[in-house]
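A quick write-up on the structure given underneath.
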Amino acid sequence: MYKSVYEHEPPPLSAPVTANGGRLAGRLLSILKAVRACGETATLTQVVQLTGLAKTTVHRLLADLQELDMVSRNGECYRLGTAVRELAVSREEQHTRYLRYALKPLLLPLYEKTRYVVGLGVQHRNTVRFIELIYSEQYSPMIGRLEKPVPLLESAAGKALLAYPPVQYAPGPGRRGGAETLAAKSSLGTELARIRSRGIALDERDARLGLSAAATPLFGPRGQPLAALSIGAAPEVFDLARGCALLRNAGPHARRILQRTPVATGYPWAGSG
């Protein structure tokens with residue numbers, strides 16, 4: 001089974017729209033707004049009624065927009081095209097989508113070799129969010145919880161990212177005293193140093209899901225961690241040594257993929273170079 005994210009559709013307008021002064025840009029914009037205002041699809045007649053433009057003008061401009069992939073046509077119905085929907089996606093979402101498509105080939109063989117839950121996680125503020133998951137029916141009941149953002153320190157994937165700069169963690173306010181806070185920071189520093197040494201973060205038993213997990217960071221062209229590749233399974237079937245070996249083999253492969261793709265250098269975490 002596969003989970004997809006970022007299927008983005010712009011929200012419909014609540015009121016009719018009118019042409020903007022007869023200028024070409026205004027006419028094109030009013031047509032796009034009219035198509036959106038109709039919801040899922042719009043007919044030529046509906047667009048004409050909403051814009052107040054001549055039918056021949058609307059038909060001609062819709063054809064121009066179709067060539068630019070700004071609208072698509074199915075029979076007599078029009079809908080917003082891929083080019084428009086992509087404009088509504090944030091820069092972070094664009095890079096996240098790219099990472100899913102570029103790195104998914106790493107997840108599939110890992111799943112085939114282990115039949116574990118295999119995930120691709122990225123940092124979102126102080127959490128890790130899985131943008132791709134592959135799993136068997138056995139693990140279906142718990143996937144809903146795994147799809148929710150998890151604090152960085154509470155998952156192997158989150159700690160794998162946190163161990164490498166420039167990923168940062170800003171803990172929330174707490175009631176612990178100074179000495180206890182320093183001890184916690186020292187313990188965390190030791191754990192992150194251990195992760196950097198072996199290249200793998202471990203979570204012997206996830207308290208939320210009851211899974212054993214391991215994760216490795218995947219680095220971009222500038223050495224920045226872009227994502228974490230994670231595997232997890234029930235503790236009684238989780239083969240830690242084999243899982244770690246597979247993750248270590250996947251790391252260099254991921255870096256070669258990302259180095260071949262210039263868009264990775266524009267990822268929000270990338271340095272100035």
Side-chain angles (χ1 to χ4, degrees), residues 2-11 85-104 106-107 110 117-135 139 142-174 184-185 188 191-192 195-196 200-203 206-209 211 213-232 247 250-251 254-255 257-258 261 263-272:
Y2 304 95
K3 295 292 179 180
S4 298
V5 295
Y6 297 126
E7 292 298 328
H8 186 91
E9 293 288 345
R85 294 198 300 270
E86 288 183 348
L87 288 174
V89 177
S90 71
R91 182 167 175 259
E92 181 179 358
E93 289 175 340
Q94 288 176 337
H95 284 284
T96 299
R97 181 183 295 173
Y98 157 73
L99 287 174
R100 285 184 61 240
Y101 294 155
L103 297 175
K104 191 169 183 175
L106 290 178
L107 277 65
L110 193 55
V117 178
V118 180
L120 185 66
V122 297
Q123 185 196 14
H124 181 65
R125 297 188 178 90
N126 283 347
T127 69
V128 61
R129 181 166 57 94
F130 285 97
I131 59 174
E132 186 63 272
L133 290 164
I134 302 177
Y135 52 92
Y139 296 104
M142 62 183 64
I143 292 301
R145 285 174 286 166
L146 192 56
E147 288 179 325
K148 297 178 181 179
V150 182
L152 287 169
L153 292 176
E154 295 182 15
S155 71
K159 288 184 284 189
L161 291 170
L162 191 58
Y164 296 86
V167 177
Q168 298 179 348
Y169 176 71
K185 289 182 177 179
L188 174 61
E191 182 177 4
L192 297 182
I195 293 171
R196 289 190 293 271
I200 300 288
L202 302 176
D203 194 343
D206 188 312
R208 298 174 305 112
L209 304 174
L211 299 180
T216 189
L218 304 179
F219 297 97
R222 299 173 183 170
Q224 73 279 25
L226 298 185
L229 181 61
S230 174
I231 57 174
L247 287 174
R255 191 158 191 169
I257 292 174
L258 294 172
T261 312
V263 70
T265 62
Y267 197 74
W269 299 337
S272 57

For residues [X] and [Y], report the shortest heavy-atom separation together with the two atoms involved.
| X | Y | result |
| --- | --- | --- |
| Ala102 | Ile257 | O-CG2, 3.7 Å |
| Leu103 | Ala254 | CD2-CB, 4.0 Å |
| Leu229 | Ala250 | CD2-CB, 3.5 Å |
| Ser230 | Phe130 | CB-CE2, 4.0 Å |
| Glu154 | Asp203 | O-OD2, 3.8 Å |
| Pro149 | Arg129 | CG-CD, 4.4 Å |

Partner set under side chain to side chain contact (heavy atoms under 4.5 Å, CB included) for Ala228, not counting sequence neighbours: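 Scan of Ala228 (side chain to side chain contact (heavy atoms under 4.5 Å, CB included), adjacent residues dropped) gives Ala157, Ala160, Leu161.
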
Contact check, side chains of [X] and [Y], non-hydrogen atoms, under 4.5 Å:
| X | Y | answer |
| --- | --- | --- |
| Leu133 | Leu107 | no |
| Val150 | Thr127 | no |
| Leu99 | Leu218 | no |
| Tyr139 | Leu211 | yes |

First locate atom [atom1] of [X], then atom [atom2] of [Y], and finally report the distance between them rounded to the nearest 0.5 Å.
| X | Y | atom1 | atom2 | value |
| --- | --- | --- | --- | --- |
| Lys104 | Leu120 | NZ | CG | 10.5 Å |
| Leu192 | Leu162 | CG | CG | 5.0 Å |
| Arg196 | Glu191 | CZ | CD | 11.0 Å |
| Leu247 | Ile200 | CG | CD1 | 4.5 Å |
| Asn126 | Leu152 | CG | CG | 6.0 Å |

Under a 3.5 Å distance rule, please check whether Arg100 uses its side chain to pair with a backbone N or O of Ile131 as donor and acceptor.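 Yes: the side chain of Arg100 pairs with the backbone of Ile131.
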
Partner set under ring pair (Phe, Tyr, Trp, His ring centres under 6.0 Å) for Phe219, not counting sequence neighbours: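 Phe219 satisfies ring pair (Phe, Tyr, Trp, His ring centres under 6.0 Å) with Tyr164 once adjacent residues are dropped.
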
